[in-house]
Amino acid sequence: MHDVTISAINSFEQIGDARSKMLIQKLVKSIHDYVDEVELTQSEWEMAIDFLTRTGQLCHEQRQEYILLSDVLGVSMLVDEINHSKNVEQTPSTVFGPFFIANMPIRHYADSIVEENVNNEIPLLVKGKILNQQGEAIVGAKIEVWQTAENGMYSGQDPDQLLTNLRGAFISQVQGEYAFKSILPVSYQIPSDGTVGELLNYSKRHFWRPAHIHFMITAEGHQPLVTHLFIQDDEYLNGDAVFGVKDRLIVGFQQRNASAEDQAKFAVDANYNLIDYDFVLSEGE
Ligand code: BEZ
Ligand code: FE
C-alpha cells in the first residue's frame, strides 16, 4: 500500500461511531485501490472531477442526477438486493426512481387515476389484495401509485399534464382489497439531457425502461414496500436501463368479459384488461 493511502485511512481513526468509521475508511481504501490499479492520469482525474461537479450542478428539488447515476451504474439495485432480498415471502422491491410525488389525492376503491382525456390507450383495471406473510388481509394500508402517460412521461416531468394525472393513493379494504382503473403503461426513456445521458451515449447504452406501474405501500406494523409491476412481453424486460426488473414483478394482463357483478363493482365495461396481483408485506417498522 502507498504511504498516502495508509495516512489517509488513519486520518479517520478518531471517528467515534464504529460503523461510520468503517464506512469512511473502506471508501478511502476502495478509491485509492482503484486509482492505483488503473494508474489514473492527471487529465482523467480532472475529467472525473468535472463530471461529478456538473452532476451536482444539475441537482435541485425536482431533479436528482446523482440518484439517476446510481441507478444506471446498478448501485441502487445492489443496495436493494442487499437490504430487501433476504425475505423471499414478501413481494420483491425495486428501484424507487425520481418521479414519485408525495401527497397525491386519496382516491376511492376502484376509482380511475386517469385525469386527462385519453385517446386509444388500453383501459386497465388493477386489483388484488394487500396481505401479510401469513396470508391475512392488511386493512388500511396506503397504496400510492404512479405511472407514465402514453407519451412516456410522468406528471411533474411533463408540463402538459395535470400534476395529479396517473397518480393517486388508495386505502386497502376490509379483506385487504385494492383496485384502481388506469391505462396500460408504456416503455419510456429515462432523462438523457444530463451527465447520465452523456455517460450512456458515450457507452452506446440505451435509455429505455420496460413499461411498469410504480407502487409504494405502507401499513402500520409493516415494512414499507417500494416496487413496480412490469407488463409481460415488453421488449425492454431484458435490458432495463436501471436493472430494476425481477421475474416475480412481471405480470400478464388478461382481456376479460366482465360479469355483470364485476361491471357493477368496478364500474367498467364488459371488455376491460385486468391485472390481478396480491402484494405481501413483512412485519416490522
Ligand atoms: C422510474 O421508474 O421512474 C425510474 C427509475 C430509475 C431511474 C429513472 C426512472
Ligand atoms: Fe418509472
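Values below: all heavy atoms of this structure, side chains included; hydrogens, waters and symmetry mates excluded. Just so you know, ligand 1 is whichever comes first in the structure, and atom 1 is the first atom listed for that ligand.
Salt bridge status for K246 with D80: present, with a side-chain N to carboxylate O gap under 4.0 Å. Checked for salt-bridge contact, K265 and E177 miss the test: no charged N lies under 4.0 Å from a carboxylate O. With salt bridges taken as basic N to acidic carboxylate O contacts below 4.0 Å, one links D193 and R63. With respect to the salt-bridge test (charged N to carboxylate O, under 4.0 angstrom), the residues K21 and E13 qualify.
Proximity of E116 to E150: side-chain heavy atoms (C-beta onward) are nowhere separated by under 4.5 Å.
In summary, no N, O or S atom of H228 is located under 2.8 Å from the Fe ion (ligand 2). Q147 lies apart from the Fe ion (ligand 2) in this respect, since none of its N, O or S atoms is found at a distance under 2.8 Å.
Ring-plane geometry between H212 and H214 is classed as perpendicular, the angle between the planes exceeding 60 degrees on a 0 to 90 degree scale with a lower cut at 30.
Of all atoms in ligand 1, listed by their number and element, those nearer than 4.0 Å to a heavy atom of I190 are 8 (C), 9 (C). Near H212, meaning under 4.0 Å from any of its heavy atoms, are these atoms of ligand 1: 2 (O). For ligand 1 and H214, the ligand atoms under 4.0 Å from any heavy atom of the residue are 1 (C), 2 (O), 3 (O).
Centred on the Fe ion (ligand 2), the angle running from Y188 (OH) to Y154 (OH) is recorded as 100°, rounding to 10°.
Atoms CE and CD1, on M216 and I143 in that order, are 12.0 Å from each other to the nearest 0.5 Å.
Protein heavy atom in closest approach to atom 5 (C) of ligand 1: G97 CA, 3.4 Å. Closest to atom 2 (O) of ligand 1 among all protein heavy atoms lies R209 NH1, 2.5 Å. Regarding atom 6 (C) of ligand 1, its nearest protein heavy-atom neighbour is D71 OD2, 3.2 Å. Atom 1 (C) of ligand 1 has its closest protein heavy atom at Y188 OH, 2.8 Å. Shortest contact from atom 9 (C) of ligand 1 to any protein heavy atom: P98 CD, 3.3 Å.
Within the 4.0 Å heavy-atom cutoff, Y154 counts among the residues contacting ligand 1. Taking 4.0 Å as the cut-off, F243 does not count as a neighbour of ligand 1 on heavy-atom distance.
Using a 3.5 Å distance cut-off with no hydrogens or angles, the side chains of Q57 and E65 do not pair a donor with an acceptor.
A centroid separation of less than 6.0 Å is found between the aromatic rings of F170 and F180.
Only side-chain heavy atoms of L68 come within less than 4.0 Å of ligand 1; its backbone N, CA, C and O stay farther off.
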